[in-house]
S.K.: 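Handing you this structure, nothing more for now.
Computed from a prediction, not measured in an experiment: that's the story for all the values here. Counting starts at 1 for both ligands and their atoms, following the listed order.
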Amino acid sequence: EAEGRGRDGAMLRHLLLKLRATGPVTVAEYMREALTNPGQGYYTRGGGIGESGDFVTSPEISQIFGELIGIWYISEWIATGKPKAFQLVELGPGRGTLTEDILRVFSQLASLLSKCDVSIHLVEVSPTLSESQALVLTGGKAQPGPEGESAYMKGISKTGVPIFWYRDLQDVPPGYSFYLAHEFFDALPIHKFQRTERGWREVLVDIDPEVPDQLRFVLSPSSTPATENFIQPEETRDHVEVCPDAGVIIQRLACRIEKDGGAALVADYGHDGTKTDTFRGFRNHKLHDVLRAPGTADLTADVDFSYLRKMTQGRTATLGPIRQREFLKNMGIDLRLQVLLQNSRDTAVREQLLHSYDMLMDPKKMGDCFNFFALLPHHRLTHPDEKHKPESKSPLPPVAGFGELLLK
Ligand code: SAH
């Protein structure tokens, strides 16, 4: 019913017109249109995050998730000598739940942070989702950013922390910052390539000549500029997905961290340059044909962490990817669960806590397929002159989450 008619069909009609006028488009162009077209994109219209929507994410499952991430940032802040100010920059904050849980931790640790100037910077293209974030985080008391300023909206969190919204990472002011990207990189547009007898060909989206108003995949008749640029000569796979937008953003994060300090934490499903066809759609928590009813379903592809690592160009050190269940265990999820269970007498609440723990940690649920990956300044992991006189330096504090939790 959602195929060509009504509001749900608007994106398909738009794409059919475009394809008739210009011919096939890359999968990246198709994905960009379907997700973030300023009129009818899936995220532009609000996305379907949460139980009543199309997909549910870890921060929506349990408050513990965001709390442990908040502690990760505090731990890095302490390890780097408690700088006087930091910005927390979240890319693609969805419904704002993760930032809300992190802000609660910051507020509980207010005495520790009392001399630190903390601000929140959200990078969000969807006007609908930024409204939801403003409602959750400021109680609806956000205002449009003044003309000429880089933030399009600003407000104050319920806990008193200033919050700013931007469309692009480049609009966020420079400075010592902690970056967070949870289920963000998987939503960025990918190019797809197929090895053929005649060499690599890019996968494109075209109109199906057999079925009216239906889309299909075709292969480019010859190699495209993207084929030349993105396939490595030593590639052994037969099908490859590349996300250049993710590469550009990681490059920018690495430059900013190299220059101003801080850290980035990326959490997503993904692989280390080994998987092939991972492009898929979700609607109503079920797999959905990526070419059907564009704009009405979430489209996603696994993050290639080896590509992200490469795109830091050695400007920062990287840690991970490490599995979500290991990262959360190293961050002390078991202790946190025990405390919450002890504090609650309500059976329903206790059951909910155990159920959400299981969702996050079970290898068959979210425990194994989600990964954590971090960018850190080189000096955070190795003393600059370690090679010369290693014995004279005190050891650097370990980075939380990426090694076993040691309780003193
Ligand atoms: N981090 C949230 C939401 C994940 S969904 C969670 O885990 O629950 C992806 C988010 O990224 C949405 O908020 C979407 O609107 C945003 N987004 C997608 N493409 C974007 C882009 N190019 N720039 C900024 N935000 C984008």
S.K.: With a 4.0 Å cut-off, would you call Glu67 and Arg336 a salt bridge?
M.R.: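 Between Arg336 and Glu67 there is a salt bridge, with a charged N closer than 4.0 Å to a carboxylate O.
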
S.K.: Could you tell me if Glu202 and His191 have a donor-acceptor pair between their side chains, going purely by distance under 3.5 Å?
M.R.: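 The criterion, which ignores hydrogens and geometry beyond distance, is satisfied for Glu202 and His191.
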
S.K.: About how many Å separate CG of Leu337 and CG of Leu354, when rounded to the nearest 0.5 Å?
M.R.: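 CG of Leu337 is found 5.5 Å from CG of Leu354.
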
S.K.: Considering only heavy atoms of His182, which atoms of ligand 1 have at least one such atom less than 4.0 Å away?
M.R.: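 Close to His182: 1 (N), 2 (C), 4 (C), 6 (C), 7 (O).
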
S.K.: What part of Thr57, side chain, backbone, both or neither, has a heavy atom within less than 4.0 angstrom of ligand 1?
M.R.: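 It is the side chain that touches ligand 1; the backbone stays farther off.
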
S.K.: Just which atoms of ligand 1 are under 4.0 Å from any heavy atom in Gly94?
M.R.: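 Reading through ligand 1 atom by atom, the close ones are 2 (C), 3 (C), 13 (O).
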
S.K.: Please check if any side-chain donor atom of Glu60 sits under 3.5 Å from a side-chain acceptor atom of Thr97, or the reverse.
M.R.: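 Distance-only check passes for Glu60 and Thr97.
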
S.K.: Salt-bridged, Lys275 to Glu241, with N to O below 4.0 Å?
M.R.: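 Looking at Lys275 and Glu241, the cut-off is not met.
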
S.K.: Would you mind listing which atoms of ligand 1 come within a distance below 4.0 Å of any non-hydrogen atom of Leu129?
M.R.: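 Once the distances to Leu129 are compared, the set is 12 (C), 13 (O), 15 (O).
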
S.K.: How close does the nearest protein non-hydrogen atom get to atom 13 (O) of ligand 1, and which residue and atom is it?
M.R.: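 Looking only at protein heavy atoms, the one closest to atom 13 (O) of ligand 1 is Glu124 OE1, 2.6 Å.
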
S.K.: Starting from atom 23 (N) of ligand 1, find the nearest protein heavy-atom neighbour and note its residue, name and distance.
M.R.: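 Looking only at protein heavy atoms, the one closest to atom 23 (N) of ligand 1 is Val125 CG1, 3.6 Å.
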
S.K.: Counting only heavy atoms, tell me which of Tyr43, Tyr42, Phe65 gets closest to atom 18 (C) of ligand 1.
M.R.: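 Residue with the shortest heavy-atom distance to the ligand atom: Tyr43.
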
S.K.: Kindly indicate whether the side chain of His182, heavy atoms from C-beta on, has any atom under 4.5 Å from the side chain of Phe65.
M.R.: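 Of all side-chain heavy-atom pairs linking Phe65 with His182, at least one is under 4.5 Å.
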
S.K.: Tell me, which protein residue and heavy-atom name are nearest atom 11 (O) of ligand 1, and how many Å apart are they?
M.R.: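 Ranking protein heavy atoms by distance from atom 11 (O) of ligand 1, first comes Gly92 CA, 3.2 Å.
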
S.K.: Using a 4.0 Å cut-off to any heavy atom of Thr36, which atoms of ligand 1 qualify?
M.R.: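 Here the atoms of ligand 1 in question are 19 (N).
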
S.K.: Are more than 12 heavy atoms, taken from residues, nucleotides or ligands other than Glu197, located less than 6.0 Å from that residue's CD atom?
M.R.: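 No.
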
S.K.: Any atoms of ligand 1 less than 4.0 Å from a non-hydrogen atom of Leu188? List them with their elements.
M.R.: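 By the 4.0 Å cutoff, the relevant atoms are 22 (N).
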
S.K.: Which atoms of ligand 1 sit under 4.0 Å from any heavy atom of Ser126?
M.R.: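 Those atoms are 15 (O).
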
S.K.: Would you call the rings of Trp72 and Phe402 parallel, tilted or perpendicular, where under 30° means parallel and over 60° means perpendicular?
M.R.: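 Geometry flag for Phe402 against Trp72: perpendicular rings.
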
S.K.: For atom 9 (C) of ligand 1, what's the nearest protein heavy atom and its distance?
M.R.: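 Here the closest protein heavy atom is Glu183 O, 3.5 Å.
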
